[in-house]
Amino acid sequence: SSQFSMRKVFDAGEYFGIMQVEEAEEESGVDEEIEEEFKKKSNPGNELCYKRAIIFLIDHAWTYRVGHARQQLQQVPGLLHRMANLMGIDYHGEVPDESAIDQVLEEMWKYNQTYQLSCGTAEDKVSVWYIMDEFGSRIQHSDEPTFATAPLFYMPQEMAYTVLWPLRDLETGVPSLSSCGEQKAILNENKEKLPVPIKLPVYDKDKIFKVYTDLQQVLQNLNHPRFEFTDSEQEADILYNFSHFKDYRKLSEERPHVMLNQFPCENLLTVKDCLASISRRVGGGEGPKWLPRTFNLCTELPQFISFFQQRERSATIVALRTLKLHRTNTLACSLPVFLHGTMISSTQSENKIIVVSKYIENPVLFHLEDMGLVKFDIRYIVLLRSVKPLRLYVYDVFWLRFSNRPFSLDDLDDYEKHFTVMNYDPAVSLKQIHYNEFIPLFEKQYPDCSWKSVEEDIFKAFVELFQAACAKPAPLGICDYPSSRAVYAIDLMLKWETSSDGKPYMQPQILEVNFNPDCDRACKYHPTFFNDVFSTLFLDEPNGCHVTSIF
């Protein structure tokens with residue numbers, strides 16, 4: 001760091017050479033003497049040793065957010081030329097050319113890396129994409145790497161670099177004996193300790209339950225006379241917390257009467273790759289009609305490539321990676337981060353899993369005044385009272401989000417055309433319509449489709465999803481723990497399908513299931529929201545509440 005502050009020059013080009021090679025088929029045998037000698041030069045790993053570490057910095061040639069990429073290529077002097085040269089695109093014009101820009105936007109995913117700031121506003125925490133300089137962009141992935149890289153944000157300069165460091169001793173001309181073996185999938189470990197069987201006590205009808213919670217929305221809006229708050233977690237009858245609970249075994253052994261707002265193994269619903277896996281219990285290998293075709297690239301990469309190539313002319317893919325969503329119709333765009341080492345754990349030791357889903361290219365649209373036909377999605381609040389028997393409720397109010405531009409299957413980098421989530425950028429307008437205003441407008445725009453019938457299909461999909469999630473014993477299914485209750489938000493869209501007799505109909509498409517959702521709007525417009533939730537889940541008194549039993 002002292003050298004960095006004094007010289008600020010760490011030129012990897014002075015130490016490394018880049019050579020273009022053509023791959024040939026491997027010979028049947030490997031010179032064992034050379035391999036053995038190479039292994040001797042590697043760091044032993046099982047002995048205590050001290051060596052000087054050499055670290056290099058790689059510049060970032062381009063840092064951007066996807067929604068701004070096209071504009072930057074059009075306006076930043078020299079950027080289009082540099083990216084075209086880096087990506088091997090034939091472009092020598094003086095004025096930015098839309099064809100060249102489209103090529104860069106398609107090819108850039110082969111070179112993209114990403115990072116996310118851990119502090120700041122919600123906008124600051126939105127993922128940033130970057131492309132390393134000409135040297136860094138030539139570094140290839142290996143299952144047995146000799147070097148590692150990681151992004152570094154240097155606060156004094158407010159600039160990001162990529163740190164490059166060796167993992168073993170290397171000599172000039174000594175190749176890495178890495179094999180091109182199959183990448184092993186890294187799955188998130190379920191660290192929950194499952195509960196022992198319990199029997200929940202029968203409470204008096206007039207019992208007042210003590211609630212311990214760290215959620216301000218609950219503290220500010222729950223005022224039902226049968227519940228009172230306590231600052232002591234130990235004396236609470238109900239634990240209603242934002243963070244995930246882990247040690248169900250201890251709770252079930254020591255305090256089996258304590259109820260809580262989550263189920264063991266509910267991540268089968270709330271984690272996208274698990275959601276896709278359990279949903280296939282309904283619809284077989286391709287999954288149910290109410291879930292877009294989905295692949296976990298860590299475990300289903302060959303299947304995804306086959307699916308994509310078979311539908312390359314018509315299929316559009318949306319790639320999901322934690323909170324980062326991007327739409328593309330090219331295979332290269334869907335795989336870049338995975339191929340560049342997404343399997344490496346983050347600093348929080350969270351394994352990265354990339355999930356890709358087929359983009360809904362024929363969505364049901366909604367006409368907004370002064371805007372035209374736009375995409376929209378719907379959020380329902382679902383209450384899970386128990387697993388065995390399955391008891392499921394839906395809150396009677398739903399919420400809507402809209403895109404800000406008329407829909408069309410082009411300009412996939414246009415965020416406000418293809419996305420409905422607008423609350424991360426304060427500069428972007430947020431269109432809201434209340435559910436009871438939306439229904440008559442929807443039925444006016446689609447007179448052959450009553451909202452009641454659409455909602456019946458939505459609720460049917462919810463029931464099938466939860467039946468699939470509870471079909472197997474834990475940890476392959478949601479655990480049947482009598483003290484558990486839960487509130488989930490399910491986001492969905494509607495798409496057009498054609499029945500066997502040729503008639504079009506609206507098919508619900510479940511996008512994701514959220515644990516402990518933000519209920520700010522629910523509390524703002526429906527002050528009894530948490531009274532209804534607690535009455536339904538903890539008192540078994542849904543009558544008079546704004547909920548509907550769907551199973």
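Bear in mind that the values here come from a model prediction, so they are computed numbers and not experimental data.
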Checklist entry - Taking it one step at a time, do T162 and Q113 satisfy side chain to side chain contact (heavy atoms under 4.5 Å, CB included)? => result CA-CA 10 Å; T162 290; Q113 306 283 346; over 6 Å; no
Next on the checklist: Is there a side chain to side chain contact (heavy atoms under 4.5 Å, CB included) between V128 and R65? Walk through the geometry before answering.
Outcome noted: CA-CA 5 Å; V128 175; R65 293 197 169 115; 3.8 Å; yes
Checklist entry - Which is it for D518 and Q217 under the side chain to side chain donor-acceptor pair (under 3.5 Å) test, yes or no, and what are the steps along the way? => result CA-CA 9 Å; D518 182 3; Q217 291 173 355; 2.6 Å; yes
Item to check | Derivation and outcome, side chain to side chain donor-acceptor pair (under 3.5 Å), residues E455 and Y380 | outcome: CA-CA 11 Å; E455 201 166 52; Y380 279 90; 2.8 Å; yes
Item to check | Stepwise side chain to side chain donor-acceptor pair (under 3.5 Å) check, N241 with S243 | outcome: CA-CA 6 Å; N241 291 332; S243 58; 5.4 Å; no
Item to check | F462 and F466: CA distance, side-chain angles, deciding distance, ring pair (Phe, Tyr, Trp, His ring centres under 6.0 Å) verdict | outcome: CA-CA 6 Å; F462 290 171; F466 278 86; 7.7 Å; no
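Not counting sequence neighbours, Q507 has no partner by the side chain to side chain donor-acceptor pair (under 3.5 Å) test.
Using cut-offs of 30° and 60° for the angle between ring planes, the Y395 and H526 rings count as perpendicular. Using the six-membered ring where Trp is involved, Y248 and Y481 have ring planes that are perpendicular, over 60° apart on the 30 and 60° scheme. Ring planes of F419 and Y415: parallel class, angle under 30° (limits at 30 and 60°). By the 30° and 60° cut-offs, the orientation of the rings of F366 relative to F376 is perpendicular. The aromatic rings of F438 and F402 lie tilted to each other, with the angle between the two planes from 30° to 60°.
A distance of 5.5 Å separates CG of L73 from CD1 of I101, quoted to the nearest 0.5 Å. Here OH of Y488 is found 12.5 Å from CD1 of I381. Values are rounded to the nearest 0.5 Å.
S484 has its side chain within reach of L260: a pair of non-hydrogen atoms, C-beta onward, lies under 4.5 Å apart.
For E158, the CD atom sits in a loose shell: 12 or fewer heavy atoms of surrounding residues, nucleotides or ligands are nearer than 6.0 Å.
No donor-acceptor distance shorter than 3.5 angstrom exists from the side chain of R293 to the backbone of K358, with no hydrogens or angles considered. The backbone N or O of K246 lies less than 3.5 Å from no partner atom in the side chain of R249, so there is not a single donor-acceptor pair.
The residue from S252, C479, P475 that alone fulfils the side chain to side chain contact (heavy atoms under 4.5 Å, CB included) condition with P264 is C479. Checking V104, V76, N112, D133 one by one against W62, the side chain to side chain contact (heavy atoms under 4.5 Å, CB included) holds for a single residue, V104.
The minimum heavy-atom distance linking E107 with Y111 is given by the pair O-CD1, 3.5 Å.
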